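Working notes for the structure below.
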Amino acid sequence: MLKNLVTAMTGHKAGVLIGGFAIMLAMSVTLFLIFTVGGRDASLQQAYLTSRYNVSTPSELESKLAGLGGISTSNRAVLKDLDMPDFNKTKVSFDSIDLFDRVFTRQELCLAQAVYFEARGEPLLGQVAIAEVVLNRIASKRYPNTACKVVFQNQHMKNRCQFSFACDGKTDRPRDIKSWEQALKVVSLVLSGERSGVARQATHYHASYVAPRWRKHLDKVGEVGRHIFYRSGLI
C-alpha cells in the first residue's frame, strides 16, 4: 500500500511539473507574439492579426459589403479628392474623412490602393484576398513593416516593383469612384475580420494568364478570379 502511495505521489508531482512547464511555454509564446507583432505596423496589425478568422460565402460577403452602406453626395466629392499617400501636397486631410462610420489612416489608404489597382475587376472574394496578401507581408519579417512600404516597395524600379501599378509610370490616383469606394469597403471588411479563405498566409500571387518562374519555389494555396495565390513558409 505504501508503495502504491509513493507511486501516486510521484505521478502527481510529475503531472504538476508537466503542467507548470506547459503554462510557462504558453506564456513564452504569448510574449514572443506580443513583441513580434508589436514591432510591426500597429495600426493594421492589431485589427488584422488578432481578429477572428471569418470566411463567408460569396453571397454573405456581398451582403456584408452592402451593409456598410453608401456615401453621401458630399462625401462622394470628398472621396474623389481624397489624397493618396504618395502625394506631397494634400487637398483633403485623410485624418478627418469619415466614410462608412470610420476614419481611414494613411496605411489603410495604401492598402485600398492595392485592392483598387490590382483587383477592381475581380470578384469581391478576390479583392479581399489581395488585401490579405499585403497584410500577410506586413506580418512577415521578410517584407517592410507598413502597408505603404509593402505596396510601394521598389517603386523606383520601372516595371520591376512588387505591385505593378506602383511602378508603371501611370498615376496612382483612383479615377473610378465606385470602384474606389468598394476598395475602401473591402479594407473595412478585412480589418474587421473578414477573410477570403483562398489566401491564408499567402504572400504572393500572379495573374492566371502568366507563369512567373518564382511560382515553382512556392506553395499554391488558392485561386480566385484571375489570380493564383502562393505562400512561402509560415509567417
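It should be emphasised that the depicted structure is a prediction, and the values quoted were computed from it without experimental measurement.
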Which residues share a ring pair (Phe, Tyr, Trp, His ring centres under 6.0 Å) with Y230, sequence neighbours left out: H206, W214
Using the ring pair (Phe, Tyr, Trp, His ring centres under 6.0 Å) criterion, which residues pair with Y205? Sequence neighbours excluded. H227, F229
Not counting sequence neighbours, which residues clear salt bridge (Lys or Arg N to Asp or Glu O under 4.0 Å) with [X]? List them please.
X: E223; result: K220
X: E122; result: R226
X: R200; result: none

pair [X]-[Y]: side-chain heavy atoms closer than 4.5 Å:
X: L191; Y: L135; result: yes
X: V151; Y: L111; result: no
X: L184; Y: L109; result: yes
X: V221; Y: Q201; result: no

Checking the side chain of [X] only, and the main-chain atoms of [Y] only, is there a donor and an acceptor separated by less than 3.5 Å?
X: E108; Y: V187; answer: no
X: Q127; Y: A119; answer: yes
X: Y116; Y: R173; answer: no
X: D219; Y: R231; answer: no
X: E132; Y: S196; answer: yes

Donor on one side chain, acceptor on other, S232 and R142, under 3.5 Å: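 Indeed, the side chains of S232 and R142 share at least one donor-acceptor pair under 3.5 Å.
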For T57, all residues meeting side chain to side chain donor-acceptor pair (under 3.5 Å), sequence neighbours excluded: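 For T57, the residues satisfying side chain to side chain donor-acceptor pair (under 3.5 Å) (neighbours in sequence not counted) are S59, E60.
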d(E181 CD, L68 CG) to nearest 0.5 Å is 9.5 Å
